[in-house]
Amino acid sequence: MASDFQQQLKQLGRQARTERLAAEAEVRPQPQPAPDVDFAAAVGAVTPLKPDNRFQHPRDTSPIRRRPAMDDDDEQAGFYVGVGGETEPPPAFAKNGRGRDDIRRLQAGHWPVVASVDLHGYREEAAQEVLNQFVAYVQKRGVCGEVVHGSGLGSKDFAPVLKTVVRRWLMAHPEVLAYAEPHPRNDGAVLILLRQRRRDGAPER
């Protein structure tokens, strides 16, 4: 009799455990499969970006190094002007005998802009390093480029530091024939006209 009682207890225990597991399964939420999403339909029509002609210069985050002394024959040293100067350069400048014509043609889009560069965030010396590379880059492709230097409204005392240095650099550079603001209401950029290079790389006289 004792063995029969023990068997009944085990059977009742198994039955209770089975019922408890079945009840928990009913209460537990079943995982739902992730819905299939048609990405193309969800996004809609996509227009691929067109390649632009913006000149990209890698940012150098290393400490500023002292520039070595330049020789007249050292073309790799680049062209630099001293920082400072209180006189703000003019909005347009030309150094050859067709000054007014070159300025007018620049603003009228007579020459295609083959590349542009944005100097926001550069210090004076680093900006001149970029300009040296930019002039060489443009001359391999044409004679006209765009330099964006900003209006200088965020500078100390609202004095345009980078704008002044860039335009003084353009006025003094031997390969730059003229520069002009794209239009009177945009003083944060200039279009530049460069001396045309011959196929052998020498400047035309």
Side-chain angles (χ1 to χ4, degrees), residues 52-60 64 66-67 70 72 74-197 203-204:
D52 59 11
N53 59 348
R54 185 175 299 277
F55 173 81
Q56 296 292 341
H57 180 270
R59 295 298 180 97
D60 184 6
I64 296 178
R66 182 179 297 276
R67 187 173 65 252
M70 294 180 294
D72 293 340
D74 187 5
E75 295 182 357
Q76 300 300 323
F79 180 85
Y80 295 86
V81 297
V83 298
E86 298 180 356
T87 303
E88 184 175 349
F93 171 81
K95 64 178 63 170
N96 60 13
R98 302 184 305 272
R100 291 186 178 180
D101 289 339
D102 285 346
I103 292 173
R104 177 177 54 81
R105 290 178 180 179
L106 273 174
Q107 295 175 326
H110 177 77
W111 296 282
V113 176
V114 298
S116 63
V117 63
D118 191 339
L119 299 178
H120 279 96
Y122 286 96
R123 293 187 176 274
E124 295 92 332
E125 186 165 343
Q128 294 184 62
E129 293 178 4
V130 176
L131 284 173
N132 276 298
Q133 299 180 37
F134 181 66
V135 166
Y137 181 89
V138 171
Q139 283 189 315
K140 292 179 180 179
R141 293 158 177 80
V143 295
C144 183
E146 181 184 33
V147 179
V148 180
H149 48 60
S151 300
L153 298 180
S155 302
K156 182 179 179 181
D157 299 328
F158 300 102
V161 178
L162 184 60
K163 171 184 173 182
T164 300
V165 170
V166 169
R167 297 191 180 191
R168 288 181 58 241
W169 188 94
L170 294 172
M171 293 173 68
H173 197 284
E175 298 296 306
V176 179
L177 298 178
Y179 73 76
E181 295 177 357
H183 51 80
R185 295 184 180 180
N186 182 6
D187 65 344
V190 286
L191 299 172
I192 63 173
L193 176 64
L194 302 177
R195 194 183 306 276
Q196 189 172 10
R197 287 270 174 172
E204 289 190 352

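All of these numbers come straight from a predicted model, not from anything done at the bench.
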Problem - Test item: V117 and V148 side chains (from C-beta on) under 4.5 Å apart, heavy atoms - result: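 A side-chain contact is absent here, since even the closest heavy-atom pair is not under 4.5 Å.
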Exercise for the section: Evaluate the side-chain proximity of L191 to Q107: yes if any heavy-atom separation is below 4.5 Å, no if none is. Expected result: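 In short, these two side chains do not touch, never coming nearer than 4.5 Å.
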Which pair of heavy atoms, one from [X] and one from [Y], lies closest together, and at what distance?
| X | Y | value |
| --- | --- | --- |
| P112 | C144 | O-CB, 3.4 Å |
| F134 | G145 | CZ-CA, 4.2 Å |
| R105 | W111 | CB-CZ3, 3.4 Å |
| Q128 | V81 | OE1-N, 2.7 Å |
| L106 | A180 | CD1-N, 4.1 Å |
| Y179 | P90 | OH-O, 2.7 Å |

Do side-chain atoms of [X] reach the backbone of [Y] as a donor and acceptor pair under 3.5 angstrom?
| X | Y | result |
| --- | --- | --- |
| E146 | A189 | no |
| K95 | H173 | yes |
| W169 | N132 | no |
| Q196 | V143 | no |

Practice task
I would like to know whether D187 and K163 meet side chain to side chain contact (heavy atoms under 4.5 Å, CB included); could you show each step before the answer?
Solution key: CA-CA 9 Å; D187 65 344; K163 171 184 173 182; 3.3 Å; yes
Exercise for the section: Using the side chain to side chain contact (heavy atoms under 4.5 Å, CB included) rule, pick out the option among T164, L170, V166 that qualifies with R168. Expected result: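 Testing each of T164, L170, V166 against R168, the sole residue satisfying side chain to side chain contact (heavy atoms under 4.5 Å, CB included) is T164.
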Problem - From CG (L193) to CZ (F93), nearest 0.5 Å - result: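 With rounding to 0.5 Å, CG (L193) is 12.0 Å from CZ (F93).
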Handout entry: Partners meeting side-chain contact (heavy atoms from CB on, under 4.5 Å) with A136 (sequence neighbours left out)
Key =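 side-chain contact (heavy atoms from CB on, under 4.5 Å) list for A136, sorted by chain: empty.
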Practice task
Check side chain to side chain donor-acceptor pair (under 3.5 Å) between D102 and all other residues, then give those that pass, not counting sequence neighbours.
Solution key: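 Result, side chain to side chain donor-acceptor pair (under 3.5 Å) vs D102: N96.
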Exercise for the section: Only counting residues at least two apart or in another chain, list the ones meeting salt bridge (charged side-chain N to carboxylate O under 4.0 Å, His left out) with E181. Expected result: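 If we apply the salt bridge (charged side-chain N to carboxylate O under 4.0 Å, His left out) test to E181, skipping adjacent residues, the hits are R167.
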